[in-house]
Amino acid sequence: MIDRNAVWLITGCSRGLGRALAETVLRGGYRAVITARRQADVADIVERYADTALALELDVTQKNHIDATIAIATSHFGSVDVLVNNAGYGYLAAIEEGDDEDVRALFETDLFGPLNLIKAVLPGMRARRKGQIVNITSIGGLLTYPAVGYYHMVKFGLEALSDTLAKEVAPFQIGVTAVAPGAFRTDFRGPDSMKQSATIIDDYAETVGKVRTGTLAGHRKQIGDPILGARAIVEAIEAANPPVHLIIGGDALDQFRAKLESYRRETDAWENVTRSTDLHDPS
C-alpha cells in the first residue's frame with residue numbers, strides 16, 4: 001500500500017495511457033517523474049503541476065539514460081516509490097516474416113527496458129522496505145493471435161517477470177502489479193506505435209494478413225477510455241493489497257475468460273495422456 005507522499009516514475013508519457021496516468025496521478029496530489037523520449041512532449045504537463053512534476057527525457061533502451069533518470073529523480077524528490085513501466089510499441093508480422101533487427105529492437109524497448117528500470121529502482125525500494133512496481137503488459141501477454149506473435153513474446157515475458165518478481169520481493173513489502181489492458185482508444189494502432197514487418201508473405205493472407213488489416217483499421221476506434229483505465233490502475237495501486245494481475249477493459253476480460261475455458265477443455269481432454277507419463281512407483 002502506498003501513501004500520499006509516494007513519488008511515481010512513469011515511462012512513455014507523451015500520449016495514450018501513459019499521459020492519462022501521469023495526469024491522473026498528479027491530479028491525485030502525488031509527486032511524479034514524467035518521462036518520454038522527447039522531453040518537450042510532456043512539458044505541458046509539468047507546466048500545470050510545476051511543484052509536483054518533473055519531466056525527464058528517457059530512452060528505455062539506453063542503460064545510461066535509465067541510471068541518470070533514477071539518479072535525478074532521487075535527487076529531486078528523495079526516492080522513487082512507484083515505478084510504472086508503460087513505454088512500448090507493437091509489431092505486426094508473421095513469425096516467418098519477422099526481421100531480426102526489428103525484433104531485437106522490440107525486445108529492447110518492451111522487455112529489457114522495463115527489466116533494467118526495475119533493477120535500477122529495487123535497491124532503493126529494498127532499503128526503504130516499501131515500493132510498488134507496475135508493469136503495463138497487455139491482454140496480448142495472456143493470449144495470442146496471428147500477426148502479433150513477437151509482441152506476444154515480450155508481453156508474455158513481462159507477465160512472467162512480474163509474477164516471479166512479486167514472489168521474490170514480497171518479504172520486503174514491495175508490491176508488483178502486471179496490468180493487462182484490452183483495446184484502449186489511444187494511438188497504439190497508429191503508425192508511430194504499431195510497426196510492421198517489411199516482408200509480407202502471401203501464403204499468410206488469410207491468417208496474418210486479416211489480423212494485420214483489422215488491427216490497423218481499428219485505430220482510434222477502440223472501446224477503452226484511457227482516463228478511466230488510468231483511474232482503475234491508481235485505484236488498484238492505492239488498495240491495501242494491490243493485485244499481482246489486473247486486467248482492464250471488458251473486452252480483455254471476456255477474451256481471457258474464453259482462453260481459460262479453452263485451456264480447461266483441452267487439458268481435460270488430454271488428461272489421460274498427461275498422467276500416463278508418471279512413474280507408477282516413484283521410489
Side-chain angles (χ1 to χ4, degrees), residues 2 4-90 105-106 108-110 112-114 116-118 120-121 124 131-136 179 181 184-195 219-220 222 224-235 237-238 248:
I2 62 172
R4 285 292 167 179
N5 292 319
V7 176
W8 294 59
L9 191 156
I10 308 169
T11 69
C13 297
S14 60
R15 55 181 178 261
L17 187 60
R19 173 173 278 264
L21 184 58
E23 293 180 338
T24 300
V25 164
L26 289 165
R27 275 198 303 271
Y30 293 103
R31 294 170 292 167
V33 181
I34 308 303
T35 76
R37 288 176 63 92
R38 294 179 297 272
Q39 189 172 337
D41 291 344
V42 293
D44 63 305
I45 300 177
V46 177
E47 287 176 4
R48 285 181 276 125
Y49 298 95
D51 294 334
T52 55
L54 173 66
L56 293 177
E57 186 174 294
L58 173 60
D59 180 347
V60 300
T61 69
Q62 302 298 316
K63 192 172 184 305
N64 61 324
H65 276 218
I66 290 174
D67 293 341
T69 296
I70 301 304
I72 295 169
T74 302
S75 175
H76 188 84
F77 284 131
S79 63
V80 173
D81 303 300
V82 182
L83 168 66
V84 181
N85 280 311
N86 169 73
Y89 63 91
L106 179 72
E108 288 292 343
T109 300
D110 286 21
F112 293 119
N116 286 329
L117 275 155
I118 289 168
V121 300
Q132 183 74 32
I133 292 168
V134 182
N135 293 320
I136 307 299
V179 178
F184 276 76
R185 194 163 296 182
T186 67
D187 290 328
F188 182 71
R189 297 189 185 193
D192 290 337
S193 297
M194 185 61 71
K195 310 298 182 183
H219 179 47
R220 303 299 296 174
Q222 302 95 321
D225 183 330
I227 294 296
L228 296 180
R231 291 175 184 170
I233 293 169
V234 173
E235 179 181 347
I237 301 311
E238 288 179 338
I248 56 173

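As a basis for the values below, the full set of heavy atoms in this structure was taken, side chains included, without hydrogen atoms, waters or symmetry mates. Since we're looking at a predicted model, the values are computed, not measured.
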Review point. How would you list, by chain and number, every residue that makes a side-chain hydrogen bond (donor to acceptor under 3.5 Å, both in side chains) with Asp67, sequence neighbours excluded?
Key: Lys63
**Study point:** salt bridge (Lys or Arg N to Asp or Glu O under 4.0 Å) partners of Arg48, counting only residues at least two apart
**Key:** Glu23, Asp44
**Study point:** Least distance between heavy atoms, Ala73 atom then Leu54 atom
**Key:** CA-CD2, 4.5 Å
Review point. So which heavy atom on Ile66 is nearest to which on Ala120, and how close?
Key: CG2-CB, 3.9 Å
Review point. Nearest 0.5 Å, what's the CG-CG distance between Asn135 and Asp110?
Key: 11.5 Å
Revision key, fill the gap. Per side-chain contact (heavy atoms from CB on, under 4.5 Å), Ile136 is matched among Ile10, Asn85, Leu17 by Leu17
**Study point:** For Glu238, all residues meeting salt bridge (Lys or Arg N to Asp or Glu O under 4.0 Å), sequence neighbours excluded
**Key:** Arg4
Point to revise | Heavy-atom side-chain proximity of Arg31 to Asn5 below 4.5 angstrom | key: yes
Study note, to complete from the structure: By side-chain contact (heavy atoms from CB on, under 4.5 Å), Glu57 pairs with (sequence neighbours left out) Gln39
Check your understanding: How would you list all residue pairs meeting ring pair (Phe, Tyr, Trp, His ring centres under 6.0 Å) that involve residues 7-39, not counting sequence neighbours?
Key -> Trp8-Tyr30
**Study point:** Any residue meeting side-chain hydrogen bond (donor to acceptor under 3.5 Å, both in side chains) with Ser79, in chain and number order, not counting sequence neighbours
**Key:** Asp81
Exercise for review: Sequence neighbours left out, what passes side-chain hydrogen bond (donor to acceptor under 3.5 Å, both in side chains) with Asp59? Give chain and number order.
Suggested key: Arg37, Thr61
Practice item. Kindly compute the distance separating CG (Leu21) from CD1 (Ile237), expressed to the nearest 0.5 Å. Key: 9.0 Å
Check your understanding: Looking at Val42, Ile34, Ile72, Leu9, which one forms a side-chain contact (heavy atoms from CB on, under 4.5 Å) with Leu56?
Key -> Ile72
Review point. More than 12 foreign heavy atoms under 6.0 Å from CZ of Arg27: is that the case here?
Key: yes
Check your understanding: If you round to the nearest 0.5 Å, how far is CG of Asp225 from CZ of Arg231?
Key -> 7.5 Å
Review point. Which pairs pass ring pair (Phe, Tyr, Trp, His ring centres under 6.0 Å) with one or both residues in residues 48-85, sequence neighbours excluded?
Key: none
